[in-house]
Number of protein chains: 2
Amino acid sequence: MTTIYKVAERAGVSLSTVSRVLNGRKTVNEALRLKVEQAMKELDYRPNSLARSLASNRSDSIGVVVSELSTPFFGEMLQSIETTLRECNKHVIITVGHNDLAQEKEAVEFLISRNCDALILQVGALDDAYIQELNQNRLPVSLVNRCVEGLEEACFTLDNETGGYLCTKHLLEQGHTEIAYISGPSDKTDAMQRFKGHKRALEEAGITFSEALYYEGSYQEEDGEAGLIHLLESNKHFTALVCGNDWMASGAIRCARARGIQVPQALSVVGFDNIVVARHVFPTLTTINHPIADMGKMAAKYVINKVYSGENMIQNLFAPSLVIRDSCSSQR
Amino acid sequence: MTTIYKVAERAGVSLSTVSRVLNGRKTVNEALRLKVEQAMKELDYRPNSLARSLASNRSDSIGVVVSELSTPFFGEMLQSIETTLRECNKHVIITVGHNDLAQEKEAVEFLISRNCDALILQVGALDDAYIQELNQNRLPVSLVNRCVEGLEEACFTLDNETGGYLCTKHLLEQGHTEIAYISGPSDKTDAMQRFKGHKRALEEAGITFSEALYYEGSYQEEDGEAGLIHLLESNKHFTALVCGNDWMASGAIRCARARGIQVPQALSVVGFDNIVVARHVFPTLTTINHPIADMGKMAAKYVINKVYSGENMIQNLFAPSLVIRDSCSSQR
DNA sequence: TTAAAATGAGAAAGCGCTTTCTTAAAAATT
DNA sequence: AATTTTTAAGAAAGCGCTTTCTCATTTTAA
């Protein structure tokens, strides 16, 4: 293995000088710098990143905790995080938290033990206090799809309220007035914000929100089916359905078809997130685009600024946008 | 920061002894071991993994190159790799190769520079010679979904030929005799093996393969559409279609619907891989299950055996299985 | 009982770098 | 021309561990 010593020897300089060249310090004579670079090339020298890290107390690695690796939604996020960080020669250690408290904690501990310089968290179970503590006493933290008090600058979130508003607004514009809503779990901020946007749109149109047209699920596909059945049984008529995410929308559409309810002719459905599957359900799903890749990239840039003194522009709040496909029809 | 010195001091032993306890060497007196463990607990000692790696010349990290992170298929694989390795306290550094030669090489170089102990590769562009060289001169390599000569033990593949056979066999059993085939690219071994299985099934049934019922795509969704159009234009009648993967099957089904061809009544379609989307296309897709998560896990176990002297049972070839859904109908 | 073998633990030398401290030489100031 | 300031490069001390070497002590064999 070629070490810095051998390079120094070959170039006829001290290893300090080689180190300086390596780290781009400019307090080194141009002639020597060239000699050193030449020697490095000749010996095919590759610095040992472990030794560097040990000596400089910096690992150039960023830990990521993601709830699931097997869904494309977070895959997109990871991909942009990885790309952004590797451009800066940092690397990403990925762990999976499964939205489970114990697993998330273990993942974080693991990443700390791996000497990560910072953490990017997409977690649901860890409480705010833990995260604040972590950021304060251990290492810089960045959060995707979650807002933690006191860490606003490190949080990258979608404007869910506006997203929810856009869903319902779209249906209203199509002439729908009886609009049901299947929500995500009420203990999730994003689910509640989406719902809030829905109500704002209704209000704006002068429509009173009816509890009978509301169902709370937990973001799973089955909740879409269960929700639709529940809503149908309430016997309150509706011509459109907003779902808290695409999975539930997919479940609802499947359930509607099974019951002979034509989508979109008899029922318009809107989802949320624009996951890959939204393009493949039948009919293809009108939904809200969630720019998760951009958000991941931004979280990565934030970390670069914070830990490696980068100077990227940072944006914390992301705008949702309506993607119109085939699952809605006009009611006029 | 608590170091091994402080632990040694507190326990009243030398740092060698602490190191021995840390590494589970049994040449240490039980009483001392307890004292050391006590001291570690009291000081909340966490070994510095960088220092360990530098001294032991082992990073406990495995590099993974995957073609895409944003598709759930490889996400499943990564998830099982990560889980398996973290159970052994190893960590995973993930990079993306995009099936592009330059990017794949860069990813490998990057992982080497990160002192990975081994590599798990899911790559399409790197040539066999490069991989052999890598494995021989640099660090142990394991391959998923690819077979490299001389590295058979490190390769984890699906029995694609049998998979292709199963597709067509299923259609034949349903009474179909005119079966079209949309293949993946002919320079990919897996695509050709799947196709080979198809032909074997035909042959076994005494049916002559017809070039007119064959189209070569490149595994993309659009190829399913283009392929179906091509096949329809050939004016050779067929009642069933086998696609080289689920994406192309999805494209073909969509195209069929757009042209008023009822699936499965007028056309039965079979896919391959059983990706998540296969459950969401309409009608839901009959396909071949590709146990990619199991394969990833096995690759991880292989690495554990190879580098960390584990003793897992290893299986290199994986069996495909038919998943029957709604996209095929009987022709009788 | 004595010599030989086995066991357990400490001392010390790295692992390959970064970084601080020092000093020699060159440039600028008077 | 003498002094001060600046610049450039080397020496050396770590970073926090592992591991080899060594030696004192205990166990076993003769």
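Below, each value reflects all heavy atoms present in this structure, side chains not excepted, and no hydrogens, waters or symmetry copies. By convention in this document, chain letters (A, B, ...) are assigned in the order of the sequence lines, proteins followed by strands, and residues within each chain are numbered from 1.
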A.B. asks: Would you kindly give the CZ-to-P distance between B:R58 and C:dG14, to the nearest whole Å?
C.D. replies: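 It is 22 Å, rounded to the nearest whole Å.
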
A.B. asks: Identify whether the distance between the nearest side-chain nitrogen and carboxylate oxygen of B:K306 and B:E153 falls below 4.0 Å.
C.D. replies: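 No salt bridge links B:K306 with B:E153.
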
A.B. asks: Look at the side-chain N and O atoms of A:S14 and state whether any lies under 4.0 Å from the OP1 or OP2 oxygen of D:dG10.
C.D. replies: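 Yes, within the criterion.
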
A.B. asks: May I ask you to check whether B:Q132 and B:Q136 show a side-chain donor-acceptor distance below 3.5 Å?
C.D. replies: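 No pair is found: no donor N or O on one side chain lies under 3.5 Å from an acceptor on the other.
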
A.B. asks: Write down the distance between CZ (B:R52) and C1' (C:dC17), rounded to a whole number of angstrom.
C.D. replies: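 These atoms are roughly 20 Å apart.
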
A.B. asks: What pair of heavy atoms forms the shortest contact from A:T95 to A:A107, and how long is it?
C.D. replies: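 Heavy atoms only, the tightest pair is OG1-CB, 3.5 Å.
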
A.B. asks: What pairs of nitrogen or oxygen atoms, one from the protein and one from nucleotides 19-23 of chain C, lie under 3.5 Å apart?
C.D. replies:
| residue | atom | partner | partner atom | Å |
| --- | --- | --- | --- | --- |
| C:dT19 | OP2 | A:R25 | NH2 | 2.9 |

A.B. asks: Using salt bridge (charged side-chain N to carboxylate O under 4.0 Å, His left out), reason through A:K301 and A:D294 one step at a time and then give a plain yes or no.
C.D. replies: CA-CA 10 Å; A:K301 286 185 173 176; A:D294 295 344; over 6 Å; no

A.B. asks: Counting only N and O atoms by type, is there a donor-acceptor contact under 3.5 Å from the side chain of B:E104 to the main-chain atoms of B:V123?
C.D. replies: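 No; judged by distance alone, with no hydrogens or angles, the pair does not exist.
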
A.B. asks: In whole Å, what is the span from the NZ atom of B:K26 to the P atom of C:dG8?
C.D. replies: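 That distance rounds to 11 Å.
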
A.B. asks: So what does A:L50 hit on the nucleic acid, given a heavy-atom distance under 4.0 Å: a base, only sugar-phosphate, or nothing?
C.D. replies: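 Result for A:L50 = nothing.
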
A.B. asks: Output yes when a side-chain donor or acceptor of A:T2 lies under 3.5 Å from a complementary backbone atom of A:L43, and no otherwise.
C.D. replies: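 Yes, the answer is positive, given that a donor and an acceptor are paired below the 3.5 Å cut-off.
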
A.B. asks: Taking only heavy atoms on the protein side, list every residue of residues 37-48 of chain A lying under 4.0 Å from any atom of DNA chain D, sorted numerically.
C.D. replies: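 DNA chain D contact set from residues 37-48 of chain A: none.
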
A.B. asks: Above 12 or not: heavy atoms from other molecules or residues under 6.0 Å from CG of A:N57?
C.D. replies: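 No, because the 6.0 Å sphere around CG of A:N57 holds 12 heavy atoms or fewer from other groups.
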
A.B. asks: Tell me: CD of B:E9 to P of D:dG16, nearest whole Å?
C.D. replies: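 Value for this atom pair: 15 Å.
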
A.B. asks: Nearest whole Å is fine: how far is C:dG16 P from A:L54 CG?
C.D. replies: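 Spelled out: CG on A:L54 to P on C:dG16 is 12 Å.
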
A.B. asks: Rounded to whole Å, please give me the gap between CG in B:L32 and P in C:dT7.
C.D. replies: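 Distance, rounded to whole Å: 17 Å.
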
A.B. asks: Parallel, tilted or perpendicular: which describes the rings of A:H91 and B:H91, with under 30° parallel and over 60° perpendicular?
C.D. replies: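 If you compare the ring of A:H91 with that of B:H91, the planes turn out parallel.
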
A.B. asks: Please give, in whole Å, the distance from D:dG14 C1' to B:Y5 OH?
C.D. replies: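 Value for this atom pair: 10 Å.
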
A.B. asks: List the atom of A:N305, the atom of A:G310, and the distance in Å for their closest heavy-atom pair.
C.D. replies: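 Distance-wise, the nearest heavy atoms are OD1-C, 3.0 Å.
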
A.B. asks: Hey, which sits more toward the 5' end of DNA chain D by its nearest nucleotide, B:M1 or A:N29?
C.D. replies: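 Upstream on the strand: A:N29.
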
A.B. asks: Without decimals, in angstroms, what is the distance between A:I4 CD1 and C:dT18 C1'?
C.D. replies: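 It works out to 8 Å between those atoms.
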
